[in-house]
Amino acid sequence: MVAAFLAVNYYNIHKETFKLAKKVAREHFNTSQAIRFWAATHGGVYVPVSENAVPNPYLAHIPERDILSTAGKRFTLMNPAYLLRVLNENYGEMFGIKGHLTSLKLMRPENAPDMWERKALESFEQGNEEMIETVKINNKPHLRLMRPLYTEKSCLRCHSHQGYKVGDIRGGLSISVPLDDYYTVERHETGILALIYGLLWILGIAGIFLAGKRLEKDTRDQEKAEAELRQSHERLFTVLNSLNALVYVTDMKIYEILFVNQQVQDMFGDVVGKVCWQTLQVNQDGPCDFCKNDKIVTPDGQPSETCVWEFHSPLTNRHYYVSDRAIQWSDGRIVKLQIATDISERKKTEEELTRLATAIEQSADQVIMTDTEARIQYVNPAFEKITGYKQEEVLGANPRVLKSGKHDDVFFKNLWETITQGNVWSGRLTNKKKNGELYEEDASISPIKEKSGKIIGFVAVKRDITKEVQLEKQVRQSQKLEAIGKLAGGIAHDFNNILTGIIGYSQFALEKTPEDSQAAPDLKEVLKASNRAKELVKQILTFSRQTEQELRSIQPDLVVKEAIKLMRASLPATIEIQAEINENAGIIKADPTQISQVIMNLLTNAEHAMRGKGGTLGVSLKAVEIDEEIATSHEDLQPGPYIQFSISDTGTGMTQEIINHIFEPFFTTKEKGEGTGMGLATLHGIVKNHEGAVNVYSELGKGSTFNIYLPETESSREEKEKVSRPLPTGSERIMIVDDEETLAPLGKRRLEGLRYEVTALTSSVEALKIFMENPQRFDLVITDQTMPKITGDVLAQELLKIRPDIPIILCTGFSHSITPEKAKAMGIRDFLMKPIITSDLAVMVRKALDLKTDV
């Protein structure tokens, strides 16, 4: 009976010893798996290179195996297998339990399986999930446990070259638990039992007492062993608690939290034993969708692949990178191990970078990034749109692909020295597009620096200002022409006074000179020269936009056809005219004489450009619509319908330098005697005065094209020219006032020749005095504008105060202060520009007197 009881008790003690050893082995395996799994989800762990962490030679095929920190410290990559091997080799004695990572496909010979491990690995290939046996290692009993390791996506980074695929059995982790301590306890317990039963048999109650004492001592020994085991577990928990991540294990059926590390406990408190979706989430009335994830287990409920996802927790308002993995718990059930790493700061940085990238991608300004050797690494869409180069065409190239040749080597040398010294360069560049077109841009080029201050590249932000530069040139040109116009007007005033005297007295002299006299042709030449001078002054005033225009509705096609007809007869046979005239282009409101002058001027210039070599003279007229974009590139245009005149030639062409000056008065490229240089200046003034615009395109050796835009109007057809009639005469009494000693008598003689009674005065003060003495003495007053003491407009106002119905004609060579509109608003009957021609004077005087009579 005693022997039977002893055998039963020995069997139970041995069974409990083996069960305890298996529990320890499984817990060690699970802890190792957690560490390996955490490292795998991060792609491995970088640690400083040391005696216990040397670079893994079997990871040499990974370019980033070894890195250098910004502080210059070396770090090496420890993949999960390497990490476990180092922990087991260097700290195995600390735990008292050996772990060995092995495989049938080796990278490291030292990881080769022993016979027992090979047998286990082969059994895994047959579908077994665990192998556990008691074996001898170095003649000492050990409990050996081994489970398979499956290939995950994160494993392929280091092991893809071995041919593994996700889900393959890559190897296994064997755990060897020494059984000496367990057997010691077992032998002690068995010895105690034997002693107890022996003493019971031999000594009876006395033996039982002594056996109890021995059993008490052995119990203390067992408690000590268990305490050491708990200490080993605490070390493992220390590792888990030191991870910068939330680690917890939950039941996959009832969602009970089974284990958490310190980070979870610090954040959520003591949650072990509670339901995860009630504790770690908010506003949940059932399990979360990701809690039901079936990707981590196979259809038969066994651990499968890792599920990785990102999650924003409303409870903590943080972003997490989450890895879920099914593992076998110590009691044999399949549970979920979840590791959540806080990536809120990274997420914030990513969002900021996304916003920055979006801004750069959508910016209208060009953004170009290069390395320190000026090789292009990035260009944004604005660069492609402006330059015409696609990103793939310029990546790796030097920005000199845009070089236009407008800047010398010294310019680029200074630019490069500025940015390589860590400074910002700002300035204006003239670059060339892919199609060869030049464009202007304001650029700012800055060095890109690391925190240490080291330059790692350069970034250029550039804005296309081609249109702005063109407008600047147009404004400067307009201001220049306006200034010259004011000067021209001042000159014209005095010149017109002089011409009035020359023309008037020459006409008087010619009237009294016999036709057969030698003086007659001389006087005619004087009049001819004076009339040429008159036309030149008229051109000057047209340029300065100070002349009156006879605006009426005309068909521009008629004017152009007439000009071509006149020009064709004088063209050499080597020049061919190609005309495209749209007869239905529309109506413009213009002075037909001035428009004809513009067309003839351009035709003559085109002929001159092709003189000697011949070519094609192109003339076109069509209706165009000026939109907002085109209008912004022409200072004088408003959006709307226009008539476009275009005259082109295939002649010598012009440089940009010449184009910049062609509208300036007296500027010419013609030989001496071939022109005054007022042609294009006058053209410019006429077009501007018609609220139009003119632009020029020319290339050396390829010819020139002038485009003129005049606003279209809805009006009647061109009026018929008035038939000339004899000069009107009269007998009324006229006062003429002009401070020029030669012009007052000249006016008197002209009007007396038309049978009027004339009083001529050279003082406006005297004229006012005489008028005040007898306001009814005169039927008409003709006064000059620019006079000392009392100007013509002031004199007119004083006369009208005395006698409101007195007709007054105001004359001037040129005046900035008075215009025909202002004169008529003051009550002045008419406005006459010098030099005065007798026929114009006769018609205007008669018109003013007749209007008075009607009143």
Do the non-hydrogen side-chain atoms of E384 and Q391 ever get within less than 4.5 Å of each other?
-> yes
Looking only at heavy atoms, the pair that brings N317 and H312 closest together is OD1-NE2, 2.9 Å
Parallel, tilted or perpendicular: which fits the ring planes of Y709 and Y642, with parallel below 30° and perpendicular above 60°?
-> perpendicular
Tell me, yes or no, whether the heavy-atom count around K433 atom NZ, taken from other residues, nucleotides or ligands under 6.0 Å, exceeds 12.
-> yes
Shortest non-hydrogen separation from V624 to Q644 and the atoms involved | CG1-OE1, 3.5 Å
Least distance between heavy atoms, V619 atom then L617 atom | CG2-CD2, 3.4 Å
Decide yes or no on side-chain contact (heavy atoms from CB on, under 4.5 Å) for E450 and T70, but give the supporting numbers first.
-> CA-CA 9 Å; E450 292 180 329; T70 55; over 6 Å; no
Ring pair (Phe, Tyr, Trp, His ring centres under 6.0 Å) between W416 and F458, intermediate numbers included | CA-CA 11 Å; W416 184 249; F458 304 99; 5.5 Å; yes
Over 12 non-hydrogen atoms of neighbours within 6.0 angstrom of CD in E417 | yes
Value rounded to 0.5 Å, distance of NZ in K462 from OH in Y439 | 5.0 Å
D591 and H690: CA distance, side-chain angles, deciding distance, side-chain contact (heavy atoms from CB on, under 4.5 Å) verdict | CA-CA 9 Å; D591 185 323; H690 282 76; 4.0 Å; yes
Considering only NZ, NE, NH1 and NH2 on the basic side and carboxylate oxygens on the acidic side, decide whether R375 and D371 come within less than 4.0 Å.
-> yes
Would you call E583 and K561 a salt bridge, taking side-chain N to carboxylate O under 4.0 Å as the test?
-> yes
E352 atom CD, over 12 foreign heavy atoms within 6.0 Å | yes
What heavy-atom pair brings H407 and K403 nearest, and what distance separates the two atoms?
-> O-CE, 4.4 Å
Check the surroundings of atom CG in D409: do more than 12 heavy atoms from other residues, nucleotides or ligands lie under 6.0 Å from it?
-> no
The residue among L558, D557, I564 that forms side-chain contact (heavy atoms from CB on, under 4.5 Å) with V560 is I564
Side-chain donor-acceptor pair under 3.5 Å between E440 and T430, yes or no?
-> yes
For S648 and T705, which heavy atoms make the closest approach, and how far apart are they?
-> CB-OG1, 3.3 Å
Mind running salt bridge (Lys or Arg N to Asp or Glu O under 4.0 Å) on D442 and R463 for me, showing each step along the way?
-> CA-CA 5 Å; D442 278 341; R463 171 167 295 180; over 6 Å; no
Please identify each residue that fulfils side-chain hydrogen bond (donor to acceptor under 3.5 Å, both in side chains) with S313, with sequence neighbours left out.
-> T316
Contact check, side chains of K73 and F75, non-hydrogen atoms, under 4.5 Å | yes
Would you give the length of the straight line joining atom CD1 of I455 to atom CD1 of I448, rounded to the nearest 0.5 angstrom?
-> 10.0 Å
Where do V459 and V367 come nearest, in terms of heavy atoms and distance?
-> CG2-CG1, 4.1 Å
Any chance you could lay out the side-chain contact (heavy atoms from CB on, under 4.5 Å) test for T466 and E441, step after step, and finish with the verdict?
-> CA-CA 7 Å; T466 304; E441 58 185 6; over 6 Å; no
